[in-house]
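Read the numbers this way: they start at 1 and go in the same order the structure lists the ligands and their atoms.
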Amino acid sequence: MDRQWERMLRHCTLCPRMCGVNRLAGEKGFCGAGGETVKVARAALHFWEEPCISGERGSGTVFFSYCTLRCAFCQNREIRGGAAGAEITVERLAEIFLEQQGRGALNLNLVTPTHYLPQIVRALEIARGKGLALPVVYNTSGYERAEVLRMLEGYVDVWLPDFKYMSETLARDYSSAPGYRETALAAIEEMVRQAGEPVFDEDGIMQKGVIIRHLALPGQLADAEAAVQALFSRFGNRVYYSLMNQYTPPPFRLKWENLNRRLSPAEYDALIDYAVELGVENGFTQEEGTAEESFIPPFDLEGVLPGA
Ligand code: SF4
């Protein structure tokens with residue numbers, strides 16, 4: 001492992017939490033992830049990303065366990081806290097990357113990778129040495145340090161960040177993520193710098209570029225519009241915008257009543273109209289009925305262990 005990445009694990013500052021723990025000595029920070037190995041919950045083809053990511057053949061998703069956020073409405077609770085997944089070596093991770101290529105995946109889609117970047121970079125180097133040629137998709141909450149993303153130059157082709165909140169209060173209440181807005185905007189700025197203009201292949205699959213996702217939350221239309229406005233004023237049509245209606249209330253009651261229901265079609269239509277009026281041309285929207293549990297894949301270790 002490269003020295004600079006190893007240093008990050010010895011004094012972990014991979015994400016804005018800046019815990020400073022020595023993960024190689026077994027210490028755990030906010031996310032709970034270990035240091036030597038990597039915990040992965042699923043590695044399989046996935047067909048429910050944006051059409052230019054999933055295409056017809058599917059995206060080669062690798063779902064990492066643990067997370068640097070604590071979203072009250074998280075749909076992946078099983079893996080967020082590390083309850084699901086298996087610890088694997090960096091060498092096995094490299095094999096998984098190659099297996100995704102062997103399955104015909106259109107890209108390698110790293111889902112929630114931030115806390116495992118040193119191991120992922122090493123696995124990418126090993127896999128590339130053995131013929132990995134897929135575009136790499138970085139699928140993130142957006143809560144990233146721009147300085148760390150700079151160290152990824154040359155490793156990522158397509159950036160797929162969320163931009164969740166404009167409001168500091170919402171970021172703290174719903175995701176325990178202080179400073180989310182400024183942090184995520186600076187991170188996306190760095191992603192746009194690295195990716196440049198969007199590039200697609202002859203089948204319309206993105207090879208380079210940035211797609212910013214915003215999950216519209218029930219009762220928070222004003223914040224959603226402010227988010228789209230802030231993004232569009234910075235990045236215009238150099239990036240793609242994915243406005244998502246798939247919010248699903250968790251199976252227990254939250255203290256914020258608005259989060260105990262789904263998004264209404266009227267709220268979603270209003271957000272789309274707002275984006276169109278702003279001048280957003282490069283956008284993805286979701287059909288009604290996307291808020292189904294079936295879109296959450298089973299975290300059953302498929303593709304994780306050798307021969308699985
Ligand atoms: S990656 Fe985990 S341990 Fe490292 S700073 Fe972030 S939350 Fe803390």
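A donor-acceptor contact shorter than 3.5 Å is absent between the side chain of Q100 and the backbone of L106. Of the possible donor and acceptor atoms, none in the side chain of N109 sits under 3.5 Å from a partner among the backbone N and O of N139.
Less than 2.8 Å away from atom 6 (Fe) of ligand 1, the protein contributes these N/O/S atoms: C15 SG.
Interatomic distance, Y165 OH to C71 SG, rounded to the nearest 0.5 Å: 4.5 Å.
Not a single side-chain contact (heavy atoms from CB on, under 4.5 Å) links K28 to another residue, sequence neighbours left out.
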Start with the C-alpha distance between R213 and E50, add both sets of side-chain angles, then the distance that settles salt bridge (Lys or Arg N to Asp or Glu O under 4.0 Å), and finish with yes or no. CA-CA 10 Å; R213 289 174 162 173; E50 287 74 2; 2.8 Å; yes
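In this structure, M8 has no heavy atom closer than 4.0 Å to ligand 1.
In this structure, F64 and Y116 have tilted ring planes: the angle between them lies in the 30° to 60° band.
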